[in-house]
Amino acid sequence: MTSRVVLAYSGGLDTSVAIPYLAKMTGGEVIAVSLDLGQGGEDMESVRQRALDCGAVESIVVDARDEFADEYCLPTIKANAMYMKQYPLVSAISRPLIVKHLVKAAQEHGGSHVSHGCTGKGNDQVRFEVSFRALDPTLDIIAPARDYAWTRDKAIAFAEEIDLPIEQSAASPFSIDQNVFGRAIETGYLEDLWNAPTKDIYAYTEDPALGNAPDEVVISFEKGKPVAIDGKQMSMLEIIEELNRRGGAQGIGRLDMVEDRLVGIKSREIYEAPGAMILIKAHEAMEDVTLERELARYKRLVDARWSEEVYDGLWFGPLKRSLDAFIDSTQDNVNGDIRLVLQSGQIIVNGRRSETGLYDFNLATYDTGDTFDQTAAKGFVQLHGLSAQIANKRDREQGNGPTAGAQV
């Protein structure tokens with residue numbers, strides 16, 4: 001029986017060349033699978049046809065925009081997920097969804113192999129392959145760029161050799177990955193850390209220095225899920241798209257960072273994620289109002305660990321599932337409205353309201369009507385610091401404790 005390779009197909013040069021190359025190397029047939037994740041740009045029907053023109057026996061295009069927004073972006077927002085406190089997991093959350101549909105295609109079309117275009121240096125090889133093995137470990141995995149030392153130069157030469165019907169150009173010096181949640185740019189002159197990004201890098205955002213008029217927006221939440229903008233009910237996908245548009249016009253969501261890759265190297269990455277950054281900021285503000293103090297403190301630890309699990313390609317891992325359950329359990333009372341001002345690359349929260357919030361005006365006020373019993377505070381302070389007081393007394397007696405003249 002002829003083997004079948006199911007390829008994650010983007011429509012670009014590298015994956016287009018991979019179709020005939022994989023057929024040659026395996027002696028099998030190639031099925032191309034492409035996902036619409038709201039990345040925009042080229043029409044997906046053109047992508048589907050190009051795969052067929054390059055020799056695929058099947059070319060499958062999946063409209064996964066709502067699925068991506070509801071099942072991958074939304075959990076990321078609930079987790080306030082930011083790898084290294086900066087990166088909103090733009091690419092990391094798309095990989096398990098792509099894998100899910102590749103495995104489904106392999107099972108439906110008799111695929112024996114799955115393939116991706118990742119190199120041996122990056123995180124994505126881990127994200128793809130760990131997810132493949134989690135969902136269907138019977139599938140063999142082929143990574144041409146890594147397994148066959150496949151380079152862009154070799155891809156172009158191979159395309160010319162077989163007269164492949166695609167534009168054989170290496171015009172863009174950058175590696176770009178994008179979806180509705182954001183855009184990631186790397187390589188090229190960005191590999192020199194001293195080089196500043198130029199304006200041609202950006203596509204989702206305007207220059208924040210343009211000084212566009214401030215844009216005030218109200219985001220409504222129900223159980224941690226954004227459900228409306230300025231009082232208008234929208235789907236998760238529509239909300240992300242709307243905030244991409246409005247935030248992008250203000251230059252919001254630009255990020256230039258050096259991140260720690262899973263494989264152990266540092267990498268310079270440029271991101272654009274206006275909608276993601278606005279939604280995470282608003283969700284955090286909503287939790288500040290509605291989560292009890294100890295729960296909020298612990299959830300911040302869980303959020304950071306969730307971000308690391310997802311970044312490291314463990315979306316389908318047991319710890320990630322358990323963290324999901326914890327995070328979901330914290331969201332029952334994350335309801336209400338957050339008002340923000342978007343301007344010159346900044347997101348400024350200036351209004352909050354919630355019927356399930358824990359803010360009590362009568363306890364918080366310093367004016368007439370204050371219901372807080374200040375006389376109770378004296379004993380609380382004494383007891384709160386008692387253990388430290390006792391320990392410091394002992395340490396001073398031993399010559400080690402803090403003194404009034406010590407540097408602090």
The single option from Arg95, Arg183, Arg127 passing salt bridge (Lys or Arg N to Asp or Glu O under 4.0 Å) against Asp177 | Arg95
Could you tell me which non-hydrogen atom of Ala273 sits nearest to which non-hydrogen atom of Val90, and how far apart they are?
-> CB-CG2, 4.1 Å
Polar side-chain atom of Asn123 near backbone of Leu262 as donor-acceptor pair, under 3.5 Å = yes
Passing option when Lys299 is tested against Glu287, Glu284, Glu294 for salt bridge (Lys or Arg N to Asp or Glu O under 4.0 Å) | Glu287
Does Asp230 come within less than 4.0 Å of Lys232, counting only side-chain N to carboxylate O?
-> no
Please state whether the rings of His116 and Phe128 are parallel, tilted or perpendicular, taking 30° and 60° as the class boundaries.
-> parallel
For the residue pair Phe68 and Phe181, categorise the inter-ring angle as parallel (less than 30°), tilted (30 to 60°) or perpendicular (more than 60°).
-> perpendicular
Do we see a donor-acceptor contact under 3.5 Å between the side chains of Gln107 and Asp136?
-> yes
Start with the C-alpha gap between Leu190 and Ile201, add the side-chain angles, then the distance that decides, and say whether side-chain contact (heavy atoms from CB on, under 4.5 Å) holds.
-> CA-CA 10 Å; Leu190 297 173; Ile201 282 180; 3.6 Å; yes
So Tyr311 and Tyr83, would you call those rings parallel, tilted or perpendicular, with 30° and 60° as cut-offs?
-> parallel
Are Trp306 and Asn80 linked by a side-chain donor-acceptor pair shorter than 3.5 Å?
-> no
Hey, could you give me the CZ/CD distance between Phe221 and Gln331, rounded to the nearest 0.5 Å?
-> 9.5 Å
Does the side-chain contact (heavy atoms from CB on, under 4.5 Å) test come out yes or no for Glu45 and Val61, once each step is laid out?
-> CA-CA 8 Å; Glu45 177 56 30; Val61 171; over 6 Å; no
Mark yes or no for whether Asn333, through its side chain, and Lys223, through its backbone, hold a donor-acceptor pair below 3.5 Å.
-> no
Would you please name every residue forming a salt bridge (charged side-chain N to carboxylate O under 4.0 Å, His left out) with Asp207, sequence neighbours left out?
-> none
Do Val180 and Leu237 have side-chain heavy atoms sitting under 4.5 Å apart?
-> yes
Name each donor-acceptor pair under 3.5 Å that joins a side chain in residues 338-348 to protein atoms two or more places apart or in another chain, with its distance.
from   : atom 1 : to     : atom 2 : distance (Å)
Arg339 : NE     : Asn350 : OD1    : 2.8
Arg339 : NH2    : Asn350 : O      : 2.9

Does CD in Glu222 sit with more than 12 non-hydrogen atoms of other residues, nucleotides or ligands closer than 6.0 Å?
-> no
Name the orientation class of the two ring planes belonging to Tyr298 and Phe326 (parallel below 30°, tilted from 30 to 60°, perpendicular beyond 60°).
-> perpendicular
Is any NZ, NE, NH1 or NH2 atom of the basic residue among Arg133 and Glu129 found under 4.0 Å from an Asp or Glu carboxylate oxygen of the other?
-> yes
Indicate the atoms forming the closest heavy-atom contact of Ser131 with Gly313, along with that distance.
-> OG-O, 4.2 Å
Could you tell me whether Arg268 and Glu259 make a salt bridge, using a distance below 4.0 angstrom between a side-chain N and a carboxylate O?
-> no
Any donor-acceptor pair under 3.5 Å from Asn212 side chain to Ala249 backbone = yes
Does Ser307 reach the main-chain N or O of Met82 with its side chain, forming a donor-acceptor pair under 3.5 Å?
-> yes
In Å and rounded to the nearest 0.5 Å, what is the CD1 to CD1 distance from Ile278 to Ile240?
-> 11.5 Å
Any donor-acceptor N/O pair, Ser46 side chain to Glu42 backbone, under 3.5 Å = no
Main-chain N/O of Gly251 paired with Thr205 side-chain donor or acceptor, under 3.5 Å | no
Do Asp337 and Ser354 have side chains that get closer than 4.5 Å, going by heavy atoms?
-> no
Hey, are the side chains of Leu102 and Leu7 touching, using non-hydrogen atoms and a 4.5 Å cut-off?
-> no
Student check: side-chain heavy atoms of Tyr72 and Leu97 closer than 4.5 Å | yes
Apply salt bridge (charged side-chain N to carboxylate O under 4.0 Å, His left out) to Lys320 and Glu309, showing your working.
-> CA-CA 6 Å; Lys320 154 67 167 50; Glu309 286 289 289; over 6 Å; no
Going through the distances and angles, do Phe158 and Leu164 end up as a side-chain contact (heavy atoms from CB on, under 4.5 Å)?
-> CA-CA 8 Å; Phe158 184 71; Leu164 208 63; 6.0 Å; no
Are side-chain heavy atoms of Glu206 and Gln250 found at a separation under 4.5 Å?
-> no
If only atom types and distance count, is the side chain of Thr15 paired as donor or acceptor with the main-chain N or O of Ala18 below 3.5 Å?
-> no
So CD1 of Ile141 and OG of Ser115: to nearest 0.5 Å the spacing works out to 9.5 Å
Indicate yes or no for a side-chain donor-acceptor contact from Glu292 to the backbone of Leu295 under 3.5 Å, with no hydrogens or angles considered.
-> yes
Indicate yes or no: at least one non-hydrogen side-chain atom of Ile229 is less than 4.5 angstrom from one of Met234.
-> yes
His384 and Gln389: side-chain donor and acceptor closer than 3.5 Å?
-> no
What's the shortest heavy-atom distance between Thr356 and Thr290, and which atoms?
-> O-CG2, 4.1 Å
Report the C-alpha separation of Glu241 and Arg65 in whole Å, then their side-chain angles, then the decisive distance to 0.1 Å, and conclude whether the salt bridge (charged side-chain N to carboxylate O under 4.0 Å, His left out) test is met.
-> CA-CA 11 Å; Glu241 290 175 333; Arg65 291 174 297 173; 5.0 Å; no
Would you please test Asp312 and Val130 for side-chain contact (heavy atoms from CB on, under 4.5 Å) and show each step?
-> CA-CA 10 Å; Asp312 291 351; Val130 169; over 6 Å; no
How many angstroms lie between atom CG of Asp36 and atom CG of Asp63, to the nearest 0.5 angstrom?
-> 5.0 Å
Arg146 side chain vs Gln125 backbone, donor-acceptor pair below 3.5 Å = no
Would you say Gln178's side chain and Gln39's backbone share a donor-acceptor pair under 3.5 angstrom?
-> yes
Under-4.0 Å salt bridge between Glu186 and Arg261 = yes
Of all residues at least two apart in sequence or in a different chain, which pass the side chain to side chain donor-acceptor pair (under 3.5 Å) check with Glu397?
-> Lys393
Output for pair (Asn335 CG, Glu355 CD), nearest 0.5 Å, gives 9.0 Å
Give the minimum heavy-atom separation between Ala203 and Glu272, together with the two atoms involved.
-> N-OE1, 2.9 Å
Does the pair Lys266/Asp260 count as a salt bridge with the N-to-O cut at 4.0 Å?
-> yes
Where is the tightest heavy-atom contact between Ser175 and Thr187, given as atom of each residue plus distance?
-> N-OG1, 3.1 Å
4.5 Å side-chain heavy-atom contact, Pro226 and Ser220 = no
Going by heavy atoms in the side chains, are Val114 and Ile142 under 4.5 Å from each other?
-> no
Search all heavy atoms of Ala23 against all heavy atoms of Val30 and return the closest pair with its distance.
-> N-CG2, 3.9 Å
Do the side-chain N and O atoms of Glu29 and His109 include a donor-acceptor pair separated by under 3.5 angstrom?
-> no
